[in-house]
Amino acid sequence: MSEKTPKLRAALDGIPTYKPGRPAAADGPVSYKLSSNENPYPPLPGVLESAVAAAGSFNRYPDMACTGLMAELAEHFSVPVEHLATGTGSVGVAQQLIQATAGPGDEVMYAWRSFEAYPIITQVSGATSVQVPLTSDEVHDLDAMLAAITDRTRLIFVCNPNNPTGTVVRRAELESFLDRVPSDVLVVLDEAYREFNRDAEVPDGIDLYRDRPNVCVLRTFSKAYGLAGLRIGFAVAHEPVAAALRKTAVPFGVSQLAQEAAVASLRSEAALMERVDALVVERARVLGALAGQGWTLPESHANFVWLRLGDRAADFAAACERAGVVVRPFAGEGVRVTIGESAAMDLFLEAAEEFRKTY
């Protein structure tokens with residue numbers, strides 16, 4: 001008798017597996033992980049204590065409504081509680097957004113290259129990805145994205161700053177884009193790296209959402225706030241979209257530890273910005289050093305830098321690993337390098353300079 005296996009959805013065929021940044025080796029020469037855009041600093045003052053206190057009751061389910069965190073976010077960003085929804089990192093909320101808006105026959109649009117989870121979560125839903133190439137300057141081509149909208153377009157991601165290039169879309173062009181997108185198409189401003197931006201012409205997505213019912217803003221506690229291991233993000237959107245996100249959320253998905261740590265992090269923003277400012281200074285140093293070595297690369301407004309290396313991406317990543325740092329290669333395209341400790345960046349710059357001689 002032939003064995004039969006369970007029937008699975010055809011939409012899952014060919015879905016690439018999300019590739020996390022490789023960790024630093026426990027032994028051997030590698031000592032720094034610059035592959036996942038993590039904050040290199042330990043938890044902010046008071047955050048660890050809040051999480052430890054919450055751990056004392058992890059035999060109980062967390063507050064599914066995230067009541068305390070929602071109230072804190074509402075006050076912090078001056079938005080109604082009804083306009084908020086939480087999830088397991090901003091990528092978890094992004095998946096909920098697609099579940100709420102798109103299915104078979106629908107289209108989800110985003111720039112490419114952009115966040116590598118977009119094609120995965122789109123295909124899981126059964127929807128079709130529409131990838132619009134970045135410009136030669138590694139920036140979103142908003143005019144081309146507008147031209148690609150069809151009557152099947154349901155959701156558009158605009159990652160700002162963009163992962164992995166670090167480039168940004170500025171206010172005038174973004175507002176013009178939003179004004180021309182059909183009102184029944186949801187535009188998701190993915191601002192996971194918002195805190196690292198220092199360009200005054202890059203708008204705060206929360207300002208843009210206020211009078212635009214088809215705009216949703218994604219934020220995360222994983223990057224600047226340093227809570228990557230706790231998996232917590234949130235969306236700000238008008239009530240119909242926020243309500244749909246709450247419906248599609250995994251019940252009890254955000255742990256109580258994450259909720260308490262996020263509240264404490266919001267209350268430690270002064271200390272947070274000191275750390276972010278230090279990383280921004282280090283980013284400027286790294287960008288300047290790379291330019292001095294002869295590299296051509298986009299100005300980054302996030303906590304990483306991007307080198308478009310094409311077929312040499314894997315070779316460059318291997319050279320960095322030999323030097324003691326793990327970076328994130330995208331085969332055939334480029335390498336993204338997180339801004340970490342100065343000692344780590346020194347090792348990276350030495351590797352980049354040596355590689356440049358053979359490039």
Side-chain angles (χ1 to χ4, degrees), residues 70 73-87 90-91 93-94 96-98 100-102 108-111 114-115 118 130 132 134-135 139-149 153-163 165-221 223-225 233-246 266 269 273 276 300-302:
M70 295 280 270
L73 288 169
E75 181 178 357
H76 191 85
F77 293 104
S78 299
V79 299
V81 170
E82 295 78 17
H83 286 200
L84 291 164
T86 58
S90 57
V91 66
V93 184
Q96 293 166 232
L97 283 165
I98 294 180
T101 58
V108 175
M109 185 188 302
Y110 46 88
S114 192
F115 183 31
Y118 294 157
V130 176
V132 179
L134 297 170
T135 69
V139 178
H140 280 66
D141 190 337
L142 295 183
D143 286 337
M145 293 177 79
L146 280 169
I149 295 174
T153 306
R154 297 290 176 267
L155 184 149
I156 301 172
F157 284 110
V158 177
C159 191
N160 202 31
N162 186 46
N163 174 17
T165 63
T167 54
V168 291
V169 177
R170 294 182 171 84
R171 179 179 301 278
E173 54 191 323
L174 183 54
E175 289 185 340
S176 175
F177 173 78
L178 295 175
D179 289 344
R180 290 184 286 167
V181 172
S183 60
D184 60 351
V185 174
L186 182 65
V187 180
V188 180
L189 303 179
D190 187 345
E191 297 187 334
Y193 300 95
R194 164 74 193 169
E195 293 83 1
F196 299 99
N197 173 66
R198 292 296 178 272
D199 187 330
E201 290 302 308
V202 176
D204 184 328
I206 293 178
D207 291 339
L208 299 180
Y209 112 94
R210 295 186 190 279
D211 60 354
R212 291 179 169 87
N214 69 326
V215 171
C216 171
V217 181
L218 291 184
R219 296 284 180 89
T220 184
F221 286 95
K223 306 305 181 184
Y225 285 93
F234 63 97
V236 183
H238 287 263
E239 193 165 357
V241 175
L245 284 170
R246 292 191 289 272
L266 288 168
E269 192 160 28
M273 293 315 298
V276 171
S300 175
H301 300 267

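For this chain, numbers begin at 1 and follow the sequence in order.
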Quick one: [atom1] on [X] to [atom2] on [Y], what's the gap to the nearest 0.5 Å?
X	Y	atom1	atom2	answer
Arg212	Glu175	CZ	CD	5.5 Å
Leu218	Leu245	CG	CG	8.0 Å
Leu178	Asn214	CG	CG	7.0 Å
Asn197	Asn160	CG	CG	7.5 Å
Thr153	Leu186	OG1	CG	12.0 Å
Glu239	Leu84	CD	CG	11.0 Å

Please tell me if the side chains of [X] and [Y] come closer than 4.5 Å, counting only heavy atoms from C-beta onward.
X	Y	result
Ile149	Ile156	yes
Arg198	Val276	yes
Ser90	Lys223	no
Met109	Val185	no
Val169	Val202	no
Thr86	Val93	no

Shortest non-hydrogen contact between [X] and [Y], atoms and distance:
X	Y	value
Arg219	Asp204	NH2-OD1, 2.8 Å
Ala74	Pro80	CB-C, 4.4 Å
His301	Arg170	NE2-NH2, 4.1 Å
Pro161	Ala302	CB-CB, 4.2 Å

Could you tell me which residues satisfy side chain to side chain donor-acceptor pair (under 3.5 Å) with His140, sequence neighbours excluded, listed by chain and number?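 Partners of His140 by the side chain to side chain donor-acceptor pair (under 3.5 Å) criterion come out as none, since no residue qualifies.
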
Could you pull out all residues at least two apart from Asn162 that satisfy side chain to side chain donor-acceptor pair (under 3.5 Å)?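 Ser114, Thr165.
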
With sequence neighbours excluded, what pairs up with Phe221 under the ring pair (Phe, Tyr, Trp, His ring centres under 6.0 Å) test? Tyr225, Phe234

So, using salt bridge (charged side-chain N to carboxylate O under 4.0 Å, His left out) as the criterion, who are the partners of [X] when residues are at least two apart?
X	value
Asp184	none
Asp141	none
Arg194	none

Is the distance between the ring centroids of Tyr209 and His238 under 6.0 Å?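 Yes.
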
Using the rule given for side chain to side chain contact (heavy atoms under 4.5 Å, CB included), can you reason through Ile98 versus Arg154, listing the C-alpha separation, both sets of side-chain angles and the distance that settles it, and then say yes or no? CA-CA 9 Å; Ile98 294 180; Arg154 297 290 176 267; over 6 Å; no

The test is side chain to side chain contact (heavy atoms under 4.5 Å, CB included); show your working for Arg180 and Asp143 and say whether it passes. CA-CA 10 Å; Arg180 290 184 286 167; Asp143 286 337; 3.4 Å; yes

Is the count of non-hydrogen atoms from other residues, nucleotides or ligands lying under 6.0 Å from Glu201 atom CD greater than 12? no

Tell me if the CD atom of Glu173 is crowded by more than 12 foreign heavy atoms within 6.0 Å. yes

Ignoring hydrogens and angles, state whether a donor on the side chain of Asp190 or Tyr118 is under 3.5 Å from an acceptor on the partner side chain. yes

Pair Leu73, Leu266 - check side chain to side chain contact (heavy atoms under 4.5 Å, CB included), show working. CA-CA 8 Å; Leu73 288 169; Leu266 288 168; 3.7 Å; yes

Give a yes or no answer on whether the side chain of Glu191 reaches the backbone of Gly205 with a donor-acceptor pair at less than 3.5 Å. yes

Evaluate Asp199 against Arg171 for salt bridge (Lys or Arg N to Asp or Glu O under 4.0 Å), listing each step before the verdict. CA-CA 10 Å; Asp199 187 330; Arg171 179 179 301 278; over 6 Å; no

